[in-house]
Amino acid sequence: MYPLKFHKTLTPEKWSDYSKSKQLLMIANELNRAGTWLEKGDYEDVDRCYERAFELTDLTVCDQKWRNSLKELLRFREILGYLYVSKNPALNKLTQSTLIALTSGSYNMLNAVG
């Protein structure tokens, strides 16, 4: 794993302590932030959100509990790369929804009625 630029205190071991659902929601949160900055036209902050999402995605790919879903995570990372260069708000929202749907736990956590 490369040295982290944005999550300097986060280690692969600490990241693996989080549930799959929490990991996905933390990545989705970066996509949500990117969407907010896209609406404001602040592409520098959009890039930073996507770069943080890349870091978290790479940590997730290294987490052994995802070994049976590696193909889906790597496809997500590929789409994240497309988002990074395209700055497409509609695709950002769709990608966020699709990511959350990878585990029922993250979907349920996000849509829990309080």
Side-chain angles (χ1 to χ4, degrees):
M1 183 75 205
Y2 57 87
L4 300 178
K5 178 180 178 182
F6 297 102
H7 303 95
K8 295 178 188 213
T9 62
L10 192 57
T11 65
E13 295 77 24
K14 184 176 178 182
W15 183 251
S16 69
D17 288 340
Y18 295 133
S19 69
K20 284 180 159 186
S21 299
K22 185 167 182 175
Q23 289 175 348
L24 293 185
L25 288 174
M26 290 174 75
I27 297 168
N29 192 37
E30 293 299 342
L31 297 180
N32 187 51
R33 285 187 187 118
T36 299
W37 291 116
L38 280 167
E39 289 173 8
K40 295 178 181 182
D42 188 337
Y43 299 110
E44 194 173 306
D45 280 328
V46 170
D47 284 348
R48 280 195 292 274
C49 292
Y50 288 146
E51 288 165 8
R52 288 191 302 266
F54 272 118
E55 277 191 354
L56 296 177
T57 301
D58 290 345
L59 284 167
T60 305
V61 166
C62 293
D63 189 341
Q64 287 300 304
K65 71 174 147 279
W66 286 96
R67 66 183 170 274
N68 293 330
S69 303
L70 195 55
K71 185 174 16 173
E72 290 84 356
L73 284 173
L74 292 174
R75 283 187 181 150
F76 165 75
R77 193 180 190 290
E78 182 179 346
I79 292 168
L80 185 57
Y82 179 77
L83 284 172
Y84 189 82
V85 295
S86 74
K87 312 294 190 276
N88 183 325
L91 184 58
N92 182 70
K93 195 69 170 169
L94 177 63
T95 303
Q96 182 180 358
S97 299
T98 304
L99 175 69
I100 290 167
L102 281 177
T103 69
S104 60
S106 56
Y107 178 84
N108 292 338
M109 287 169 72
L110 187 65
N111 294 296
V113 178

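For this chain, numbers begin at 1 and follow the sequence in order.
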Evaluate the criterion side-chain contact (heavy atoms from CB on, under 4.5 Å) for residue pair Lys87 and Leu38; output intermediate values, then yes/no. CA-CA 7 Å; Lys87 312 294 190 276; Leu38 280 167; 3.8 Å; yes
Under the side-chain contact (heavy atoms from CB on, under 4.5 Å) criterion, do Leu80 and Leu31 qualify, and how do the steps go? CA-CA 9 Å; Leu80 185 57; Leu31 297 180; 3.8 Å; yes
Is there a side-chain contact (heavy atoms from CB on, under 4.5 Å) between Glu30 and Tyr50 once you walk through the steps? CA-CA 7 Å; Glu30 293 299 342; Tyr50 288 146; over 6 Å; no
Run the side-chain contact (heavy atoms from CB on, under 4.5 Å) test on Ile100 and Leu24 for me, step by step, so that the C-alpha distance in whole Å, both residues' side-chain angles and the decisive distance to 0.1 Å come before the verdict. CA-CA 6 Å; Ile100 290 167; Leu24 293 185; 5.8 Å; no
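For the pair Lys65 and Asp63, the tightest heavy-atom approach, listed with the atom from each and the gap, is NZ-OD2, 2.9 Å. Contact detail for Lys93 and Asn32: the closest heavy-atom pair is NZ-OD1, 4.5 Å. Scanning all heavy atoms of the two residues, the minimum distance from Lys8 to Lys5 falls at CE-O, 3.1 Å. In this structure, Glu51 and Tyr84 approach most closely via the heavy-atom pair OE2-OH, 2.6 Å.
Between Glu55 atom CD and Leu4 atom CG the span is 4.5 Å, to the nearest 0.5 Å. Atoms CG and CG, from Leu25 and Leu56 in turn, are 12.0 Å apart once rounded to the nearest 0.5 Å. A distance of 10.5 Å separates CG of Asp17 from NZ of Lys22, quoted to the nearest 0.5 Å. Between the OG1 atom of Thr60 and the CG atom of Leu99 there is a distance of 8.5 Å, given to the nearest 0.5 Å. Distance check: Leu74 CG to Asp58 CG gives 9.0 Å after rounding to the nearest 0.5 Å.
A salt bridge does not link Arg33 to Asp45: none of the charged side-chain nitrogens sits closer than 4.0 Å to a carboxylate oxygen.
With hydrogens and angles ignored, the 3.5 Å screen pairs no side-chain donor or acceptor of Lys20 with any backbone N or O of Trp66. Without hydrogens or angle criteria, Glu72 side chain to Leu102 main chain gives no donor-acceptor distance under 3.5 Å. With Asn92 contributing its side chain and Leu83 its backbone, the two residues share no donor-acceptor pair below 3.5 Å.
In this structure, Trp37 and Asp47 have side chains that are not in contact, with every pair of non-hydrogen atoms separated by 4.5 Å or more. Using a 4.5 Å heavy-atom threshold, the side chains of Met26 and Gln23 count as separate.
Geometrically, Lys40 does not engage Tyr43 in a cation-pi contact defined by less than 6.0 Å to the ring centre and at most 45° from the axis.
Side-chain heavy atoms closer than 4.5 Å link hydrophobic residues (I, L, V, M, F, W, Y) into clusters, and following such links, even through other members, never connects Ile27 to Phe6.
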